[in-house]
A.B. asks: 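Got a structure for you, questions after.
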Amino acid sequence: MKKEEKNVKITPYEVEGSLSEKDYNNLIKQFGIQPLNPELLNRIKKHTKDLHFMLTRGIFFAHRDLNWLLDEYEKGNKFFIYTGRGPSGNTHIGHLVPWLFCKWLQDKFGVEFWFQFTDDEKFMFKHDLSLEEVQKYTYENMLDVIALGFDPKKTHFLIDTKHAGIMYPEAIKVAKKITFSTTKAVFGFTNETNIGSIFYTSMQTVPCFLPSVLKKKNIPCLIPLGVDQDPHFRITRDILPKLGYYKPAIIHAKFLSGLKTFGGKMSTSDSDSTIWVTDSPEEVKKKIMKHAFSGGRISIEEHRKLGGNPDVDVSFQWLYYFFEPDDKKIKQIHDDYKSGKMLTGELKQYLIDKINIFLKEHQKKRELAKKQVDKFIFKI
Ligand code: TYM
C-alpha cells in the first residue's frame, strides 16, 4: 500500500476522524466498491431525463452492481428501493441526504420504497437508551420520512420489533449463515459484545429480500445509504445468493460534515455540531454563526486580499451537499468566497436563511405527517 493510501476506519458503529477526497478514493479500494463514473450517470439519465445534483456533484460517489440493476430494469424487471434509520435520537440534516435521494428515485422510477426502523438495533447498541425511548424516536423519525413527500401507496415502513412476526423467520435463515468470527472481523465485536448486537445484521438484511418473499418472485433491490452502512450489506451480499435471492445493489453517499470539523460525520452526540430538523431559527443561527468551521481568513482585510477556502468550509459544504441545488448559484458562491468578494459572515448568513426556509416547510409537513403515519406502516 502506498503511503497516501491509509485505511480509514468506517463501520456502522464507528467513523474515525474526518475524510478528505483522497480518503473517499481510498475507501473505494478498501471496500471494493465501484466509483460512479460519467458513463453510468448517463445510463441513469436515459431513464430519469435529468440527474439529481447529488449525483452530478459526487455526493453519491460509489456503487455496487448498479449496471446489473439497470440491465434488469431495462429487461422489465423493476427494482424496489430500501433504506433505513436507527432511531437513537431525533433526525439531523445528515440523515436526510440518502432519504432525499430516495424521494427523487421514487419519483423518477415510480418504484416501491421500503424503509426499516431498527429499534432493536439501537436498543441493543446504545447502553443508555430504553426500548420506550427508542420507540418514541421511531415515531419522531417516521414523521421526518413522511414529510419528504413519499407516495403512501408505494412506501412501506418496517419496524423491527413490530414486524418481528414476518421478519424473524427470514432473519434466522440469514443468521444461520453468519459466524461470530465474520461479525468480529467486519464490525470489531469482542467477547464482551452483547449477543443481540451480534445477531442484528441479519435483521438489516431482511428488507433486501422480504418483498421477494412476499411476492414469491425475485425482485432486484437498490439501497441508497451513507457509506458507513456498507459493511452490513457486504455480509448480506455473500449470503443472499445462498438463499436463492439477488444480491442487493447499493449506492453510497459521502458524509455531510458536523459543524465543527470539516469532513467528519455529523454526530448525534454533539448537539452544537448538529442541526436537528426540529431546531428553531434562533438555534440554527446560533449554531452556524458560532460553530460552523470556516475557511475564511482571520481578518476582513486579509480575506478581501487573499480570499477564503471553500474546500474546507463547512457552510459551503452544506450548501453544496444539500441547501443550494442551483449549479449556477453554487458556482457564484464558490468563486465569490474564493476571491474574497464574499465574507464568512455573508456565507454563513446565506446558509442560515436556506436552512431556516427548509426547516420551516419541513416542520409544517412533519406536523401534518402525524395524521398519515398509519398509512405508511406496512400491514401484514
Ligand atoms: P442511521 O440511523 O445511523 O443513519 C440513517 C442513514 O443516514 C446516513 N447518515 C448520513 N449520511 C450523510 N451524512 C451524514 N452525516 C450521515 N449520518 C448518517 C446513514 O449512513 C444511513 O444511511 N442501521 C442503520 C439503519 C438502517 C439502514 C438500512 C440504513 C437499517 N436498514 C438500510 C441504510 C440502509 C442506522 O442505524 O442508520
Side-chain angles (χ1 to χ4, degrees), residues 10-15 18-19 24 27 31 54 58-62 64 80-102 105 113-126 129 134 137-138 140-142 144-145 148 156-160 163 167 171 174 186-187 197 200-210 221-237 248-270 273-277 314 317-318 320-322:
I10 294 189
T11 77
Y13 306 109
E14 193 185 356
V15 175
S18 41
L19 291 141
Y24 280 113
L27 203 61
F31 277 17
M54 288 184 189
I59 295 149
F60 278 89
F61 72 107
R64 292 183 189 271
F80 67 92
I81 39 180
Y82 157 44
T83 201
R85 162 78 178 131
S88 58
N90 285 323
T91 303
H92 63 51
I93 303 291
H95 298 132
L96 300 184
V97 170
W99 305 350
L100 207 69
F101 185 65
C102 287
L105 286 173
F113 179 39
W114 289 79
F115 197 107
Q116 180 183 30
F117 293 90
T118 58
D119 53 351
D120 55 343
E121 176 192 19
K122 293 300 148 164
F123 174 65
M124 285 179 308
F125 279 87
K126 300 266 175 179
L129 276 184
V134 176
Y137 288 129
T138 300
E140 293 296 324
N141 296 169
M142 282 195 277
D144 294 313
V145 179
L148 298 179
H156 317 286
F157 289 175
L158 290 170
I159 302 151
D160 287 357
H163 292 91
M167 296 182 74
V174 177
V186 174
F187 302 111
S197 300
Y200 167 70
T201 201
S202 359
M203 287 298 279
Q204 188 152 324
T205 296
V206 171
C208 300
F209 67 105
L210 189 66
C221 168
L222 172 64
I223 313 174
L225 42 65
V227 68
D228 60 319
Q229 295 296 317
D230 184 77
H232 283 298
F233 298 112
R234 248 182 274 152
I235 298 181
T236 304
R237 284 169 51 86
I250 303 175
I251 182 160
H252 305 82
K254 294 175 187 166
F255 299 125
L256 188 77
S257 288
L259 291 176
K260 289 182 186 166
T261 323
F262 185 87
K265 181 181 169 223
M266 194 187 298
S267 156
T268 40
S269 55
D270 181 2
S273 214
T274 302
I275 301 285
W276 308 102
V277 294
V314 168
Q317 192 211 46
W318 278 41
Y320 190 80
Y321 270 49
F322 201 90

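Atoms within each ligand, like the ligands themselves, are counted from 1 in listed order.
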A.B. asks: Give the contacting part of Ile223 toward ligand 1: side chain, backbone, both or neither, where contact means a heavy-atom distance below 4.0 Å.
C.D. replies: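 Within the 4.0 Å criterion, Ile223 contacts ligand 1 through side-chain atoms alone.
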A.B. asks: Without swapping roles, check the side chain of Thr83 against the backbone of Phe115 for a donor-acceptor pair under 3.5 Å.
C.D. replies: no
A.B. asks: Give a yes or no on whether the backbone of Ser257 and the side-chain of Thr261 come within a donor-acceptor separation of less than 3.5 Å.
C.D. replies: no
A.B. asks: Between Phe233 and ligand 1, which residue portion shows a heavy-atom distance shorter than 4.0 Å: side chain, backbone, both, or neither?
C.D. replies: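 The answer is the side chain.
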A.B. asks: Quick check on contacts: which atoms of ligand 1 are under 4.0 angstrom from a heavy atom of Lys122?
C.D. replies: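 Matching atoms, with element in brackets: 36 (O).
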A.B. asks: Considering only protein heavy atoms, which is closest to atom 17 (N) of ligand 1, and at what distance to one decimal place?
C.D. replies: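 Checking every protein heavy atom, the shortest distance to atom 17 (N) of ligand 1 gives Lys265 CE, 3.4 Å.
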A.B. asks: How far is atom 8 (C) of ligand 1 from its nearest protein heavy atom, and which residue and atom name does that atom have?
C.D. replies: Pro98 CG, 4.0 Å
A.B. asks: Quick one: look at Arg85 and ligand 1, take heavy-atom pairs under 4.0 Å, and tell me if it's side chain, backbone, both or neither.
C.D. replies: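 Under 4.0 Å from ligand 1, Arg85 contributes backbone and side-chain atoms.
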A.B. asks: Nearest heavy atom to atom 5 (C) of ligand 1 wins, so pick from Gly84, Gly226, Gly86.
C.D. replies: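 Considering heavy atoms of Gly84, Gly226, Gly86, the nearest to atom 5 (C) of ligand 1 sits in Gly84.
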A.B. asks: Check each heavy atom of Leu256 against ligand 1 and say whether those closer than 4.0 Å belong to the side chain, the backbone, both or neither.
C.D. replies: both
A.B. asks: Enter the distance from Gln116:CD to Met203:CE here, rounded to the nearest 0.5 Å.
C.D. replies: 6.5 Å
A.B. asks: Using heavy atoms and a threshold below 4.0 Å, how should the contact between His95 and ligand 1 be classified: side chain, backbone, both, or neither?
C.D. replies: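 Answer for His95: both.
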A.B. asks: Would you kindly specify which portion of Lys254 sits under 4.0 Å from ligand 1, judged on non-hydrogen atoms: side chain, backbone, both or neither?
C.D. replies: backbone
A.B. asks: If you have a sec, work out which protein heavy atom is nearest atom 24 (C) of ligand 1 and how many Å separate them, to one decimal?
C.D. replies: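 I find the closest protein heavy atom is Gln229 OE1, 3.2 Å.
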A.B. asks: Among protein heavy atoms, which lies nearest atom 12 (C) of ligand 1, and at what distance?
C.D. replies: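 Protein heavy atom with the smallest distance to atom 12 (C) of ligand 1: Gly94 O, 3.3 Å.
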A.B. asks: Would you mind listing which atoms of ligand 1 come within a distance below 4.0 Å of any non-hydrogen atom of His92?
C.D. replies: 17 (N)
A.B. asks: Is Thr83 touching ligand 1 with its side chain, its backbone, both, or neither, if touching means heavy atoms under 4.0 Å apart?
C.D. replies: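 Looking at Thr83 and ligand 1, atoms from backbone and side chain both fall under 4.0 Å.
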A.B. asks: Do Lys265 and Ile10 have side chains that get closer than 4.5 Å, going by heavy atoms?
C.D. replies: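 SC-SC contact between Lys265 and Ile10 ruled out.
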A.B. asks: I'd like to know if Asp230 and Arg64 make a salt bridge, using a cut-off of under 4.0 Å between side-chain N and carboxylate O.
C.D. replies: yes
A.B. asks: Is the shortest side-chain heavy-atom distance between His163 and Leu210 below 4.5 Å?
C.D. replies: no
